[in-house]
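A quick write-up on the structure given underneath.
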Amino acid sequence: MNSIAVCFVCLGNICRSPSAEAVFLHCVAQAKLADRIIVDSAGTGDWHIGQPPDERAQRAARRRGYDLSPLRGRQITADDFAHFDLLIAMDDANAAALTEICPAEHRDKIRLLMEFATRDDSRVVVDPYFGGDDGFERVLDQCEDACEGLLKALRTQLVV
Ligand code: 4NP
């Protein structure tokens with residue numbers, strides 16, 4: 001029996017990556033794989049360390065049954081590249097920031113979340129921070145789509 005650890009990464013760790021974390025935790029729990037798949041999130045920036053997710057992200061998530069309130073912002077650390085099997089970035093800037101600090105032997109762990117989407121062909125999860133409420137709905141739509149695909153991909157790597 002193996003386990004797989006994934007960390008979702010955005011800029012602030014208060015909008016997109018906590019949303020992805022909550023959506024994916026829900027998928028994992030539904031699949032009864034909570035003991036096999038470890039889920040976390042982090043930001044590349046340090047502005048929101050220790051803060052709860054953005055109120056707008058919390059509100060949008062709550063309407064769909066996801067609770068972001070226990071989550072707190074943290075910044076990615078060098079140790080995360082060894083600890084996690086996948087570091088899943090929301091956009092190209094996040095992926096580039098990760099690549100810059102990632103030890104060479106772990107670079108293939110860095111992926112984009114939307115690679116796993118099957119319905120939405122957008123390359124990235126767009127930053128909703130400076131926009132309106134519709135941006136937060138779009139983030140959740142994209143996370144729900146991609147997290148379904150991510151779970152399917154990870155199932156193939158779980159050894160029975
Ligand atoms: P996130 O959104 O990267 O999805 O958490 C942002 C949060 C904060 C800021 C930018 C994006 N900011 O500029 O503080």
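Counting starts at 1 for both ligands and their atoms, in listed order.
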Open item on the list: Please work out, at 4.0 Å between heavy atoms, whether the side chain, the backbone, both, or neither of V139 comes within that distance of ligand 1.
Closed with: neither
Task: Contact check: G12 vs ligand 1, nitrogen or oxygen atoms, below 3.5 angstrom - done: yes
- [ ] List every atom of ligand 1 that sits less than 4.0 Å from any heavy atom of I14, numbering the atoms from 1 in the order shown and giving each element.
- [x] 5 (O), 7 (C), 8 (C)
Open item on the list: I'd like to check whether F130 has a polar contact with ligand 1, where a contact means an N/O of the residue lying under 3.5 Å from an N/O of the ligand.
Closed with: no
TODO: Would you check whether R16 has a nitrogen or oxygen atom less than 3.5 angstrom from a nitrogen or oxygen atom of ligand 1?
DONE: yes
Open item on the list: Would R107 pass as a cation-pi partner of F81, given that its NZ or CZ must be under 6.0 Å from the six-membered ring centre and within 45 degrees of the axis?
Closed with: no
Open item on the list: Heavy-atom count check: over 12 atoms from other residues, nucleotides or ligands less than 6.0 Å from E105 CD?
Closed with: yes
Task: Lys/Arg-Asp/Glu bridge criterion (N-O < 4.0 Å) met for R16, D54 - done: no
Open item on the list: Keeping D145 on the side-chain end and Q142 on the backbone end, is there a donor-acceptor pair under 3.5 Å?
Closed with: no
Task: atom 14 (O) of ligand 1: nearest protein contact (heavy atom, Å) - done: H48 NE2, 2.9 Å
Open item on the list: Under 4.0 Å between a side-chain nitrogen and a carboxylate oxygen: does that hold for D141 and R119?
Closed with: no
Open item on the list: Can a donor-acceptor pair be found, under 3.5 Å and without considering hydrogens, that links the side chain of R123 to the backbone of M114?
Closed with: no
Task: Closest approach of any protein heavy atom to atom 11 (C) of ligand 1, naming residue and atom - done: D127 OD2, 3.2 Å
TODO: Quick one: pull up CG in L86 and CG in L150 and give me the separation to the nearest 0.5 Å.
DONE: 7.0 Å
Task: C15: numbered ligand 1 atoms lying under 4.0 Å from its heavy atoms - done: 1 (P), 2 (O), 4 (O), 5 (O)
Task: Derivation and outcome, side-chain contact (heavy atoms from CB on, under 4.5 Å), residues F8 and D40 - done: CA-CA 6 Å; F8 297 101; D40 196 5; over 6 Å; no
Task: Nitrogen or oxygen atoms of S17 and ligand 1 under 3.5 Å apart - done: no
- [ ] Say whether L11, considering both its backbone and side-chain N or O atoms, lies within less than 3.5 Å of an N or O atom on ligand 1.
- [x] yes
Open item on the list: salt bridge (Lys or Arg N to Asp or Glu O under 4.0 Å) for D133 and R63? Distances and angles first, verdict last.
Closed with: CA-CA 12 Å; D133 283 344; R63 281 197 293 268; 5.6 Å; no
Task: Side chain, backbone, both or neither: the part of M90 lying under 4.0 Å from ligand 1 by heavy atom - done: neither
Open item on the list: Tell me the protein heavy atom at minimum distance from atom 9 (C) of ligand 1, and give that distance in Å.
Closed with: Y129 CD2, 3.6 Å
Open item on the list: Give me the residue, atom name and distance of the protein heavy atom closest to atom 1 (P) of ligand 1.
Closed with: C10 SG, 3.5 Å
